[in-house]
Engineer: 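Dropping a structure here in structure tokens format, bear with me for questions.
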Amino acid sequence: MSVVMFFFGLVFMAGWAAALAALVYAVVTLVRARSQDWTRRRGHPAVRLLVPAPAYRRFDVTLAVTALLADLWLVSAVIVFGADGVFTEDWIGYPGMIDPTGQGYQAGVESMLRTTAWWTSGIAVLARCWITAGVQLCVLPPAAWWIGSFDTYYT
């Protein structure tokens, strides 16, 4: 079981490094595209507003990948920190002593993931990053449901 937790810890750290690398790449993409048009020049004003220019779409895709990696890292962090005395799933292993402060952990994590999803997708919509908004709504609410389905010592 210690090998499994060691592997999960390595994946956790690799996810953290990948999210940071993707964020750096998103900033580089943004800096490279700053001299290009961010909106379309022709067409109906609604189309120019809703359909981004190719440079802005590249930034949106890069930002969506960054958000996906950050979301996966966040969910793995929740599992890693909850494995010590909160969750009782068989694949996590024996968590040791029951942590009495972990009683509200599961509900708090679910609320945090849902709130993060709505805020980040709302900001992405305001910034016209449609792909990023979709990624946030497709990853974090199901992750909150999945973590809410775990058996704990307190349910």
Side-chain angles (χ1 to χ4, degrees), residues 1-84 86-87 89 91-93 95 102 104-150 152:
M1 185 52 69
S2 63
V3 173
V4 172
M5 288 307 289
F6 176 72
F7 178 73
F8 197 76
L10 286 178
V11 170
F12 174 71
M13 289 187 293
W16 179 73
L20 283 178
L23 181 62
V24 168
Y25 184 72
V27 169
V28 167
T29 303
L30 182 64
V31 169
R32 283 184 183 166
R34 74 174 184 259
S35 63
Q36 299 175 4
D37 291 334
W38 288 69
T39 57
R40 297 188 180 270
R41 296 255 184 225
R42 290 180 232 146
H44 191 272
V47 171
R48 288 188 311 199
L49 176 69
L50 296 176
V51 179
Y56 196 71
R57 185 175 294 130
R58 277 192 302 275
F59 170 69
D60 188 15
V61 168
T62 306
L63 192 62
V65 170
T66 303
L68 176 68
L69 291 172
D71 293 345
L72 293 176
W73 178 79
L74 180 63
V75 171
S76 67
V78 164
I79 292 171
V80 165
F81 294 130
D84 186 27
V86 178
F87 300 131
E89 292 287 324
W91 58 272
I92 292 177
Y105 181 79
Q106 188 176 22
V109 163
E110 284 183 70
S111 174
M112 184 262 310
L113 288 175
R114 287 190 181 107
T115 303
T116 303
W118 290 114
W119 275 101
T120 55
S121 64
I123 292 168
V125 165
L126 288 176
R128 297 181 325 126
C129 294
W130 312 121
I131 299 168
T132 304
V135 165
Q136 291 300 92
L137 291 177
C138 290
V139 172
L140 290 178
W145 171 82
W146 180 58
I147 289 174
S149 70
F150 287 173
T152 66

Engineer: Taking only residues two or more places apart in sequence or in another chain, which ones pass side-chain contact (heavy atoms from CB on, under 4.5 Å) with Val139?
Structural biologist: Leu68, Asp71, Val135

Engineer: Quick one: closest heavy-atom pair of Ala117 and Leu137, and the distance?
Structural biologist: O-CD2, 4.3 Å

Engineer: I'd like to check the side-chain contact (heavy atoms from CB on, under 4.5 Å) partners of Thr115; sequence neighbours left out, ordered by chain and number.
Structural biologist: Ser111, Trp119

Engineer: Kindly write out the residues that satisfy side-chain contact (heavy atoms from CB on, under 4.5 Å) with Thr66, not counting sequence neighbours, or none if the list is empty.
Structural biologist: Ala22, Leu23, Ala26

Engineer: So, using side-chain contact (heavy atoms from CB on, under 4.5 Å) as the criterion, who are the partners of Trp145 when residues are at least two apart?
Structural biologist: none

Engineer: For a quick test of reading the model, state the closest non-hydrogen atom pair linking Leu69 to Ala18 and the distance between them.
Structural biologist: CD1-O, 3.6 Å

Engineer: According to salt bridge (charged side-chain N to carboxylate O under 4.0 Å, His left out), does anything in residues 107-124 pair up with another residue at least two apart or in another chain? List the pairs.
Structural biologist: Glu110-Arg114

Engineer: Which heavy atom of Asp60 sits nearest a heavy atom of Trp130, and at what distance?
Structural biologist: OD2-N, 3.1 Å

Engineer: Show the numbers, then the answer: is there a side chain to side chain contact (heavy atoms under 4.5 Å, CB included) between Tyr25 and Val65?
Structural biologist: CA-CA 10 Å; Tyr25 184 72; Val65 170; over 6 Å; no

Engineer: Considering all heavy atoms of both residues, which atom of Cys129 and which atom of Leu63 are nearest to each other, and what is their separation?
Structural biologist: SG-CD2, 4.0 Å

Engineer: Just verifying a value: how many Å separate Leu113 CG and Leu140 CG, rounded to the nearest 0.5 Å?
Structural biologist: 6.0 Å

Engineer: Report the residues that fulfil side chain to side chain donor-acceptor pair (under 3.5 Å) with Thr120, sequence neighbours left out, ordered by chain and then residue number.
Structural biologist: Gln136

